[in-house]
Amino acid sequence: MAAAKKVFGAAEASDLVNELRRSFDDGVTRGYDWRITQLKKLLVICDNHEHDIVEALRHDLGKPELESSVFEVALLRNSCKLALKQLKNWMAPDKAKTSLTTFPASAEIVSEPLGVVLVISAWNYPFLLSIDPVIGAISAGNAVVLKPSELAPASSALLAKLLEQYLDPSAVRVIEGNVNETTLLLDQKWDKIFYTGSSKIGRVIMTAAAKHLTPVVLELGGKSPVVVDSNTDLKVTVRRIIAGKWGCNNGQACVSPDYILTTKEFAPKLIDAMKHELETFYGKKPMDSKDMSRIVNSNHFDRLSKLLEEKDVSDKIVYGGDKDRENLKIAPTILLDVPLDSLIMSEEIFGPLLPIITLNNLEESFDVIHSRPKPLAAYLFTHNQKLKERFAMTVSAGGIVVNDIAVHLALHTLPFGGVGESGMGAYHGKFSFDAFSHKKAVLYRSLFGDAPVRYPPYSRGKLRLLKALVDSNIFNIFKVLLGLS
Ligand SMILES: NC(=O)c1ccc[n+]([C@@H]2O[C@H](COP(=O)([O-])OP(=O)(O)OC[C@H]3O[C@@H](n4cnc5c(N)ncnc54)[C@H](O)[C@@H]3O)[C@@H](O)[C@H]2O)c1
């Protein structure tokens with residue numbers, strides 16, 4: 001007989017947080033050794049359970065093994081190894097400069113764990129988006145609850161099983177569930193909430209967090225544009241766009257190219273090259289290809305179908321368009337010049353559809369991007385150095401990549417996060433540690449050299465000297481001390 005599912009109600013949610021808070025207050029999670037032990041266990045999960053992870057992702061998303069092994073397991077392994085190698089440095093207080101105002105003194109910035117934190121993750125990269133923030137939370141010395149997405153049930157169950165089996169249950173827990181369980185968790189008081197998902201639910205998270213003045217990191221999505229200049233290497237450009245769109249979970253990725261901007265003159269060449277390379281990658285029947293994920297579920301399939309079937313959009317398909325609801329497959333689909341106010345150009349696509357919008361000149365691409373909410377990523381393909389610099393300096397997005405797609409997220413030296421509608425806060429590498437730490441200001445003063453100048457009764461002389469001290473202006477200080485001012 002199958003084990004009865006554990007009830008998770010308001011009392012259980014409250015008990016859970018209390019239990020973890022006791023562990024945190026007892027100092028369980030603060031020490032270097034505890035953090036290292038947990039991180040090593042996460043590495044063991046990656047090393048010993050890669051096959052289980054690949055199978056869960058195949059079940060939830062039909063994700064090809066290469067994508068699962070590289071974009072989920074290998075990236076996680078890297079994150080663990082980096083944290084294991086750097087943790088001592090990250091934990092060490094940073095010396096801060098002092099000034100004449102506080103002389104004699106020393107100062108430092110101490111990275112303090114926040115307490116008990118909640119990580120809510122999405123279904124599209126369920127292992128990476130769950131465990132990567134957990135690595136940050138543990139590295140920073142917090143107790144953590146993970147709530148994976150119910151839309152990837154095999155991955156969610158495996159995460160719950162593995163984390164329970166390997167990690168310290170007094171400080172790291174997984175709660176599976178949907179809106180009900182998440183709402184109960186959100187009712188509790190957390191020290192930080194780290195959320196990955198849509199902007200719509202991001203608002204729900206922020207509203208719940210506001211009740212307890214809980215800080216949030218919101219890793220959201222958006223419509224990430226790709227600007228293609230005619231002055232580019234067409235073959236490399238097209239291969240990288242295809243790999244970043246259909247080769248990353250079939251467009252169901254937060255940094256996926258959402259639409260292309262190029263000139264009217266260059267568009268036909270671009271489309272021909274895309275058709276050619278798509279066929280090279282996925283064959284004449286791309287829906288039969290084993291190298292592409294499927295759509296996650298029928299709701300998302302219907303959402304994507306609706307985008308495609310809208311009036312003045314369905315007749316703009318120049319490649320693909322085939323659908324198979326039973327098997328949750330949609331062929332790679334390219335559309336040309338759909339209306340800018342259509343649904344497909346208003347909502348994040350998050351699937352295998354790619355509109356191309358043509359412009360009179362590339363200059364107009366800046367206007368299109370600036371007129372829309374700030375995206376999570378913005379991409380440009382060009383040889384033109386001036387254009388690259390201008391794009392990087394003037395386009396506001398979570399991240400910019402010139403001449404490639406999505407690879408910035410693999411670089412732990414770069415912060416990964418959004419801006420405006422695409423989110424707030426960032427993580428990866430040391431940024432993950434910082435996201436779950438409080439940067440505490442610590443000033444050590446000496447009890448010697450107590451200057452009466454700061455104490456009443458106040459006088460003009462004291463005022464002049466204090467002003468010079470606050471300015472840290474040695475010349476003025478001497479002038480005051482010598483009675484010259
Ligand atoms: N910035 C990033 O790193 C990143 C990564 C992946 C996905 N995303 C974005 O996430 C979105 C797709 O993910 P999704 O469909 O899972 O997002 P989602 O918002 O539907 O769900 C994400 C999480 O929120 C929970 N949730 C859903 N409804 C809720 C509610 N009413 N109250 C409380 N919790 C609720 C879910 O259980 C899940 O754990 C896209 O917009 C994508 O761009 C962003």
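First listed ligand is number 1; within each ligand, the first listed atom is number 1.
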Show which side-chain atoms of residues 112-125 pair as donor or acceptor with protein atoms under 3.5 Å away, not counting sequence neighbours.
{"from": "Glu112", "atom 1": "OE2", "to": "Lys440", "atom 2": "NZ", "distance (Å)": "2.7"}
{"from": "Ser121", "atom 1": "OG", "to": "Ser130", "atom 2": "OG", "distance (Å)": "2.7"}
{"from": "Asn124", "atom 1": "ND2", "to": "Gln252", "atom 2": "O", "distance (Å)": "3.1"}

Interatomic spacing from CG in Asp191 to CG in Leu213 - rounded to 0.5 Å:
12.0 Å
Under 3.5 Å, sequence neighbours excluded: what are the donor-acceptor pairs made by side chains of residues 410-431?
{"from": "Glu421", "atom 1": "OE2", "to": "Arg203", "atom 2": "NH2", "distance (Å)": "2.7"}
{"from": "Ser422", "atom 1": "OG", "to": "Lys374", "atom 2": "O", "distance (Å)": "3.2"}
{"from": "Ser422", "atom 1": "OG", "to": "Pro375", "atom 2": "O", "distance (Å)": "3.2"}
{"from": "Ser422", "atom 1": "OG", "to": "Val419", "atom 2": "N", "distance (Å)": "3.0"}
{"from": "Ser422", "atom 1": "OG", "to": "Val419", "atom 2": "O", "distance (Å)": "2.8"}
{"from": "His428", "atom 1": "ND1", "to": "Leu409", "atom 2": "O", "distance (Å)": "3.3"}
{"from": "Lys430", "atom 1": "NZ", "to": "Asp434", "atom 2": "OD1", "distance (Å)": "3.2"}
{"from": "Lys430", "atom 1": "NZ", "to": "Asp434", "atom 2": "OD2", "distance (Å)": "3.2"}

Quick one, list the residues around ligand 1 where some non-hydrogen atom comes in under 4.0 Å, by chain and residue number.
Ile120, Ser121, Ala122, Trp123, Asn124, Leu129, Lys147, Pro148, Ser149, Glu150, Val179, Thr182, Leu186, Tyr195, Thr196, Gly197, Ser198, Ile201, Val204, Glu219, Leu220, Gly221, Cys254, Glu348, Phe350, Leu376, Phe416
Could you check, using the six-membered ring where one of them is a Trp, whether His49 and Phe127 have ring centers closer than 6.0 angstrom?
no
Nearest-0.5 Å distance, CD1 of residue Ile201 to OG1 of residue Thr207
10.5 Å
Pairs satisfying salt bridge (charged side-chain N to carboxylate O under 4.0 Å, His left out), at least one member in residues 133-150, at least two apart
Lys147-Glu150
